[in-house]
**Q** 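Structure incoming, see below.
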Amino acid sequence: MLRILLYSIIQCLLLVGGQVFLKYALMRMLPFGWNKEFWCSLLTNWHFAASGLFFGASSILWMYIVKNFPFSMAYPMISLSYVFGMFAAMIFFHEEISTTRWVGVACIIIGCILIAR
């Protein structure tokens with residue numbers, strides 16, 4: 001059942017990629033408003049478009065995973081996105097990660113390995 005782990009890793013990487021692009025898009029957009037300027041800044045923001053592509057690809061792969069693996073195995077694997085999100089926060093946004101968070105990441109990884117067995 002290591003196949004589900006591989007598919008889940010790819011799906012989570014796509015999901016986190018979408019989140020990273022969304023964060024970049026939001027950092028470059030005008031403040032939210034129900035006006036033409038805001039919506040133009042949203043629709044002309046390539047980071048926002050890229051986030052949609054990543055989210056779409058992640059959703060398609062998620063549909064494949066849910067269709068072909070037991071839900072009780074598939075759903076907990078989404079927690080790997082927290083692990084990759086932590087690395088993304090460090091790499092792209094230069095955030096510092098505390099020891100306590102690293103312990104939590106280790107628990108998530110161990111849990112996913114146990115579930116995939």
**Q** Tell me whether V83 shares a hydrophobic cluster with L114, the cluster being built from Ile, Leu, Val, Met, Phe, Trp, Tyr side chains joined at under 4.5 Å.
**A** no

**Q** If every non-hydrogen atom of T44 is compared with every non-hydrogen atom of C40, which pair is closest and at what distance?
**A** OG1-O, 2.6 Å

**Q** Which atom pair, heavy atoms only, marks the closest approach of C112 to P76?
**A** SG-O, 3.9 Å

**Q** Can you tell if the side chain of W39 reaches within under 4.5 Å of the side chain of W34, non-hydrogen atoms only?
**A** yes

**Q** Just how far is it from atom CZ of F55 to atom CD1 of I60, taken to the nearest 0.5 Å?
**A** 14.0 Å

**Q** Compare every heavy atom of Q11 with every heavy atom of L61, then report the nearest pair and how far apart it is.
**A** CD2-N, 3.5 Å

**Q** Identify the two heavy atoms, one from A88 and one from V20, that lie closest to each other, and give their separation to 0.1 Å.
**A** CB-CG2, 3.7 Å

**Q** Give a yes or no on this: more than 12 heavy atoms of other residues, nucleotides or ligands lie within 6.0 Å of atom OH of Y75.
**A** no

**Q** Would you kindly confirm whether I97 and I110 end up in one hydrophobic cluster when ILVMFWY residues are joined by side chain heavy atoms under 4.5 Å apart?
**A** no

**Q** Could you tell me how the ring of Y24 sits relative to the ring of F93: parallel (under 30°), tilted (30 to 60°) or perpendicular (over 60°)?
**A** tilted

**Q** Under a 4.5 Å cut-off applied to non-hydrogen side-chain atoms, are F71 and V66 in contact?
**A** yes

**Q** So how far is it from M77 CE to I113 CD1, rounded to the nearest 0.5 Å?
**A** 9.0 Å

**Q** Contact between L5 and L80 at the side-chain level, heavy atoms closer than 4.5 Å - yes or no?
**A** yes

**Q** What's the separation between atom CE in M73 and atom CD1 in I115, rounded to the nearest 0.5 Å?
**A** 8.5 Å

**Q** Count I, L, V, M, F, W, Y as connected when their side-chain heavy atoms are under 4.5 Å apart, and connections chain through other members. Are L6 and I4 then in the same cluster?
**A** yes

**Q** Does the side chain of R3 reach to within under 4.5 Å of the side chain of Y7, using non-hydrogen atoms?
**A** yes

**Q** What is the ring orientation for F32 with F38, classed by angle as parallel under 30°, tilted 30 to 60°, or perpendicular over 60°?
**A** perpendicular

**Q** Please report whether the ring centroid of W102 lies less than 6.0 Å from that of F87.
**A** yes

**Q** If every non-hydrogen atom of R101 is compared with every non-hydrogen atom of E96, which pair is closest and at what distance?
**A** NH1-O, 4.0 Å

**Q** Mind checking whether M27 and V16 sit in one hydrophobic cluster, side chains of I, L, V, M, F, W, Y counted as touching below 4.5 Å?
**A** yes

**Q** Can you check whether F21 and F48 have ring centres sitting under 6.0 Å from each other?
**A** no

**Q** State the NE2-CG distance between H47 and L42, to the nearest 0.5 angstrom.
**A** 13.5 Å

**Q** Mind checking the CG-CG spacing from N45 to L26? Nearest 0.5 Å is all I need.
**A** 8.5 Å

**Q** For the pair S58 (side chain) and F54 (backbone), establish whether a donor and an acceptor sit closer than 3.5 Å, ignoring hydrogens and angles.
**A** no

**Q** Got a second to check how far S8's OG is from I65's CD1, nearest 0.5 Å?
**A** 4.5 Å

**Q** Under 4.5 Å between any side-chain heavy atoms of L22 and Q19, yes or no?
**A** yes

**Q** In terms of hydrophobic clustering (I, L, V, M, F, W, Y; side-chain heavy atoms under 4.5 Å; direct or indirect links), are F69 and L2 co-clustered?
**A** yes

**Q** Any heavy-atom pair between the side chains of F84 and L15 that's under 4.5 Å?
**A** no

**Q** Please name the pair of heavy atoms, one in L30 and one in E37, separated by the smallest distance, quoted to 0.1 Å.
**A** CD1-O, 3.5 Å

